[in-house]
Engineer: 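What follows is a structure written as structure tokens; I'll ask about it next.
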Protein chains: 2
Amino acid sequence: MVDAADTLRKHGLPVTAQRVAILSAVHHHPHATADEVAEQVRSKLGSISRQSVYNALNVLTEHGIIRRIQPADSPARYEDRVGDNHHHLVCRSCGRTEDVCCATGHTPCLNASEEHGFAIDEAEVIYWGLCPSCRGGGHASRPHRHSHS
Amino acid sequence: MVDAADTLRKHGLPVTAQRVAILSAVHHHPHATADEVAEQVRSKLGSISRQSVYNALNVLTEHGIIRRIQPADSPARYEDRVGDNHHHLVCRSCGRTEDVCCATGHTPCLNASEEHGFAIDEAEVIYWGLCPSCRGGGHASRPHRHSHS
DNA sequence: TGGGGGCTTTGACAAAGTCCAAATCTGGAT
DNA sequence: ATCCAGATTTGGACTTTGTCAAAGCCCCCA
């Protein structure tokens with residue numbers, strides 16, 4: 001595990017306290033939302049502006065240092081783990097997110113039967129279901145819109 | 001192709017001019033957003049409230065009459081084609097959306113290697129790429145956030 | 001003809017981000 | 001160690017996409 005500041009330097013990015021704290025927060029809280037990252041950073045630095053959080057997360061994402069995932073009905077989430085083609089498993093009820101390795105080896109399903117002339121560069125897979133806690137009691141902590149009446 | 005009103009009746013839903021127009025709009029404009037649907041409906045009925053559009057789209061979705069898809073960086077889109085396990089191909093630049101049949105038969109990739117105790121009920125696949133028009137000139141009509149500097 | 005229930009409308013509200021201009025800081029050169 | 005240009009951070013207004021809630025309307029049925 002490399003140092004956050006080093007990672008930034010390695011990518012030619014100016015090292016600021018905010019960036020370091022943000023990158024570190026993402027590392028220690030995989031799949032955190034921008035808000036959650038902001039909370040974490042505030043507990044370290046005392047304060048940070050919302051815009052700085054978004055700026056940093058965007059810059060880090062553009063440089064491939066972190067990855068952004070945007071499941072339906074959830075704000076964007078960020079993760080450290082880049083470079084390997086893994087997917088996500090999301091709880092419909094509480095939004096809990098887990099990593100899952102690619103079931104069929106590498107770059108699965110990347111052969112869409114019809115390409116419609118598109119230049120496809122990624123196949124994004126999201127598994128939807130209910131996490132253990134939400135299966136049990138049925139006491140959903142976040143009502144979702146997918147319920148079949 | 002069944003009549004919109006019949007479809008509503010078949011599902012025990014009250015038939016209103018708005019609902020018929022909305023369902024019809026979705027049928028004739030697959031992958032339209034709520035706003036686009038509203039536009040279509042206005043050109044038929046003269047006017048409709050935003051809330052009615054959302055109400056109808058939600059009701060129709062809950063009854064499985066239409067399906068909602070929510071790709072990253074795009075408002076929700078709706079489509080007529082339900083019941084078959086097909087996926088989507090989305091242009092990173094302009095958001096153009098196409099249907100693609102499931103590459104590997106049916107319910108692909110539904111065997112996540114690690115299930116983390118989740119009860120998985122769906123594997124959602126989105127292929128990302130550039131559509132023919134956006135590949136060519138490079139004149140992106142909607143700047144996206146995935147560009148690698 | 002009179003009720004009811006469900007739809008529709010209207011308007012306020014909320015979440016998640018972006019835009020912009022001013023103040024501040026970082027990194028490299030002196 | 002100091003300075004400067006350019007990049008970053010801030011704060012606040014603003015946008016987009018939806019939802020909530022109250023009130024009105026319409027149609028069906030007795």
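Chain letters run A, B, ... following the sequence lines, proteins first and then strands; every chain starts at 1.
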Engineer: Can you check the A/Leu8 CG to C/dG27 C1' distance for me, whole Å?
Structural biologist: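 My rounded result for the distance is 14 Å.
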
Engineer: How about B/Asp99 and B/His31: does a side-chain donor come under 3.5 Å of a side-chain acceptor?
Structural biologist: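 A pair is found: one side chain offers a donor N or O, the other an acceptor, under 3.5 Å apart.
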
Engineer: Under 4.5 Å between side-chain heavy atoms, hopping through other hydrophobics if needed: is there a path connecting A/Leu8 to A/Tyr54?
Structural biologist: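 Each belongs to a different hydrophobic cluster.
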
Engineer: State whether B/Tyr54 places a side-chain N or O below 4.0 Å from either non-bridging phosphate oxygen (OP1 or OP2) of D/dT19.
Structural biologist: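 B/Tyr54 to D/dT19 OP1/OP2: no side-chain N or O under 4.0 Å.
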
Engineer: Identify, with sequence neighbours excluded, every residue that meets side chain to side chain donor-acceptor pair (under 3.5 Å) alongside A/His116.
Structural biologist: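 Testing A/His116 for side chain to side chain donor-acceptor pair (under 3.5 Å), a comparison that skips the adjacent residues, returns none.
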
Engineer: Answer with yes or no whether the side chains of B/Arg19 and B/Asn55 bring together a donor and an acceptor at under 3.5 Å.
Structural biologist: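 Distance-only check fails for B/Asn55 and B/Arg19.
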
Engineer: Ignoring backbone atoms, establish whether A/Asn58 has a side-chain N or O less than 4.0 Å from OP1 or OP2 of C/dT18.
Structural biologist: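 Checking C/dT18 against A/Asn58, a side-chain N or O does come within under 4.0 Å of OP1 or OP2.
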
Engineer: Does A/Ser52 put a side-chain nitrogen or oxygen below 4.0 Å from OP1 or OP2 of D/dT10?
Structural biologist: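 True: A/Ser52 side-chain N/O within range (under 4.0 Å) of D/dT10 OP1/OP2.
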
Engineer: May I have the distance from A/Gln70 (atom CD) to C/dA15 (atom P), rounded to whole angstrom?
Structural biologist: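 Those two atoms, CD and P, are 19 Å apart.
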
Engineer: For A/Asp35 and for B/Leu13, locate the closest nucleotide of DNA chain C by heavy-atom distance; then report the residue assigned to the nucleotide nearer the 5' terminus.
Structural biologist: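 On the 5' side of the pair lies B/Leu13.
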
Engineer: Ion pair present between B/Arg50 and B/Asp35, side-chain N to carboxylate O less than 4.0 angstrom?
Structural biologist: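 Looking at B/Arg50 and B/Asp35, the cut-off is not met.
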
Engineer: Would you list the protein and nucleotides 21-26 of chain C atom pairs, both N or O, that sit under 3.5 Å from each other?
Structural biologist:
residue : atom : partner : partner atom : Å
C/dT26  : O3'  : A/Val15 : O            : 3.4

Engineer: Could you pull out the closest heavy-atom pair between B/Val15 and B/Ala5, with the gap in Å?
Structural biologist: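 The answer is CG2-O, 3.8 Å.
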
Engineer: May I ask you to list the residues of residues 38-51 of chain A, by number, that have any heavy atom positioned under 4.0 Å from an atom of DNA chain D?
Structural biologist: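 A/Ile48, A/Ser49, A/Arg50, A/Gln51, in order of number.
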
Engineer: Where is the tightest heavy-atom contact between B/Phe118 and A/Gly129, given as atom of each residue plus distance?
Structural biologist: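 That closest heavy-atom pairing would be CD2-C, 4.5 Å.
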
Engineer: Nearest whole angstrom, please: distance from the C1' of C/dG27 to the CZ of A/Arg9.
Structural biologist: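 Whole-Å distance recorded here is 11 Å.
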
Engineer: Taking atom types as modelled, is there a side-chain donor on B/His86 or B/His88 under 3.5 Å from an acceptor on the other?
Structural biologist: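 A donor-acceptor contact under 3.5 Å links the two side chains.
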
Engineer: Quickly work out the A/Gln18 CD to D/dA7 C1' distance and round it to whole Å.
Structural biologist: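 Checked: the CD to C1' distance equals 13 Å.
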
Engineer: Which atoms form the tightest heavy-atom contact between A/Val26 and A/Asp80, and what is the distance?
Structural biologist: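 Looks like CG1-N, 3.8 Å.
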
